[in-house]
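In what follows, every heavy atom counts, from backbone to side chain, and hydrogens, waters and symmetry copies are set aside. Here is the naming used below: chain letters follow the sequence lines, and residue numbers restart at 1 for every chain.
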Amino acid sequence: MTFDINKTWCRNAGTREDGLDIGAGVIAADPMFTHEGGADESPEASRLALGRFINLMRRNQGLSIEALAGKADIEIGELLSLENNASHLPDVRTLYQLSEVFGVSQEKLMGLSGLTHANDDDYVEEAVRYAAKSASVEVLSEDEHAILNGLISVLSENAKHK
Amino acid sequence: MIATAPSDVTPVWLTDRNTNELVDAELWHGIVDRNLADWEAEWIPDLQRRLKLLNQQKVERRFWPQSRHWDWRDKLREIERRLANLSFAIVAQDMTQAMMTIDLTKRARMPGHDGQHLVYIDFLEAAPWNRNDLAEEPARFGGCGLILINAAIQQSILEGFKGRIGLHSLPQANSFYANACGMTDLGQDATYENLRYFELDPDSARSFIEKGKGE
């Protein structure tokens, strides 16, 4: 007996699955994977620095999250997580694409993300120091206020959705 | 002996990530010798090439794809005589793009459903070129995972399990099962290498099938 899976459903499936990995099943006793993921073991500070760096580079180029995601051919959600979530472990491909767009070292981006351990990790410390300096203490601009108000209205309990 | 032809074939479509166009594909009911030949002759060499790239980029082994040891011939040999185990493969452009094996003997753990029969997905894997965790090359075809989950749900309905399915996700795929599939995360399973265990209840299974069905 065959199943009912139509073309429209498959088209949507292709979109919904974009950028996600799908594997399921026992790992087959690889001792490297007897614990969860590994993301927690990576230094959060250097990931924060990575997120801060991407945020500053993006804004310096006058790009929205959406525009940078399009330019780098990466998922918007992945970019959002990278900028804002220090526990998010990026894909190797994402860092490769961003290093190409920003013209910086892929190896160093991977070091900051915790995907690799650099022998010479001075740049990681330095990047964290720069990132700490860049944290904004300025009050919100008018534009930022408008954006924030928009976000609040979208995210409020009473927001009406189409 | 592993079959040479699938028992049934459901037409499906995959998304070509380069052109964003749909390509004709087939869901084979039963992994057959031809799929295992693709795995041996195409998947393994391609996986090795990508592992080499990860190694050259000094990516730590703990971030390499966790399914790299899987031996599909071994898995099939183990279940070929069992009536309670089924398998599926997706084939497009004359090549196996993804495979899945399921077990019909497991029971649900979700509160309110515990003890009920479900379809348990033993193994699910996409071909190396359809994955995102393997170096910088983008995935070639999209949709394999959701189509296989759809197949598991429809098999569950056929078995009278009302669409219930369960599985242990590989760490890199937790987001896929939680967000794209809408499965309930029941947490890490200490008896199963600490992988996260996910389940789909009948209501969520219905939503999954209906979502994006369109006209």
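Formation of a donor-acceptor pair under 3.5 Å by the B:W13 side chain with backbone atoms of A:T8 is not found in this model. Using modelled atom types, no side-chain atom of B:Y192 and backbone atom of A:G25 make a donor-acceptor pair closer than 3.5 Å. Using a distance-only test at 3.5 Å, with no hydrogens or angles considered, a donor-acceptor pair links the side chain of A:W9 to the main chain of B:I209.
Here the side chains of A:V26 and B:F123 are in contact, with some heavy-atom distance below 4.5 Å. Side-chain contact between A:M110 and B:Q57 is present, with heavy atoms from C-beta onward closer than 4.5 Å.
Rounding to the nearest 0.5 angstrom, the gap separating the SG atom in A:C10 from the CG atom in B:N150 is 7.5 Å.
Taking B:S7, B:C144, B:A139, B:A25 one by one and counting their heavy-atom pairs under 4.5 Å with chain A, the maximum is reached by B:C144. Ranked by non-hydrogen atom pairs under 4.5 Å with chain B, the options A:T94, A:D73, A:I74, A:D21 are led by A:D21. With chain A as the partner, the residue from B:E125, B:M100, B:Q172 showing the most heavy-atom pairs under 4.5 Å is B:Q172. With chain B as the partner, the residue from A:G14, A:G19, A:G23, A:A13 showing the most heavy-atom pairs under 4.5 Å is A:G23. Chain A forms more heavy-atom pairs under 4.5 Å with one residue of B:A151, B:A98, B:C181, B:S175 than with any other, namely B:A151. By number of non-hydrogen pairs under 4.5 angstrom with chain A, the leading residue of B:I121, B:I147, B:N179 is B:I147.
Here the closest non-hydrogen pair linking B:L22 and A:K7 is CD1-CG, 3.6 Å. Pairing each heavy atom of B:A126 with each of A:I22, the nearest pair is CB-CD1, 3.7 Å. Nearest approach of B:L27 to A:F3, heavy atoms of both residues: CD2-CD1, 3.8 Å. The shortest non-hydrogen separation linking B:Q154 to A:I5 is NE2-CG1, 3.6 Å. Between A:R11 and B:N20, the closest heavy-atom pair is NH1-O, 4.4 Å.
Of the atoms belonging to B:S67, not a single heavy atom falls under 4.5 Å from chain A. Both the backbone and the side chain of B:F208 come within contact range of chain A, judged by heavy atoms closer than 4.5 Å. In this structure, chain A has no heavy atom under 4.5 Å from any part of B:F198. Heavy atoms closer than 4.5 Å to chain B are found in both the backbone and the side chain of A:D4. Both the backbone and the side chain of B:A180 come within less than 4.5 Å of a heavy atom in chain A.
Listed in order of number, the residues of residues 98-105 of chain A that approach chain B to under 4.5 Å between heavy atoms amount to none. Of residues 156-167 of chain B, those residues lying under 4.5 Å from chain A by any heavy-atom pair are B:L158, B:L167.
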Pair B:K211-A:R16, side-chain contact (heavy atoms from CB on, under 4.5 Å): steps then yes or no: CA-CA 11 Å; B:K211 192 173 181 179; A:R16 281 159 62 200; 4.0 Å; yes
Worked verdict on B:R17 versus A:D18 for side-chain contact (heavy atoms from CB on, under 4.5 Å): CA-CA 9 Å; B:R17 294 279 182 231; A:D18 196 10; 3.5 Å; yes
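Applying the 6.0 Å contact sphere to CD of A:E66 captures no more than 12 heavy atoms from other residues, nucleotides or ligands.
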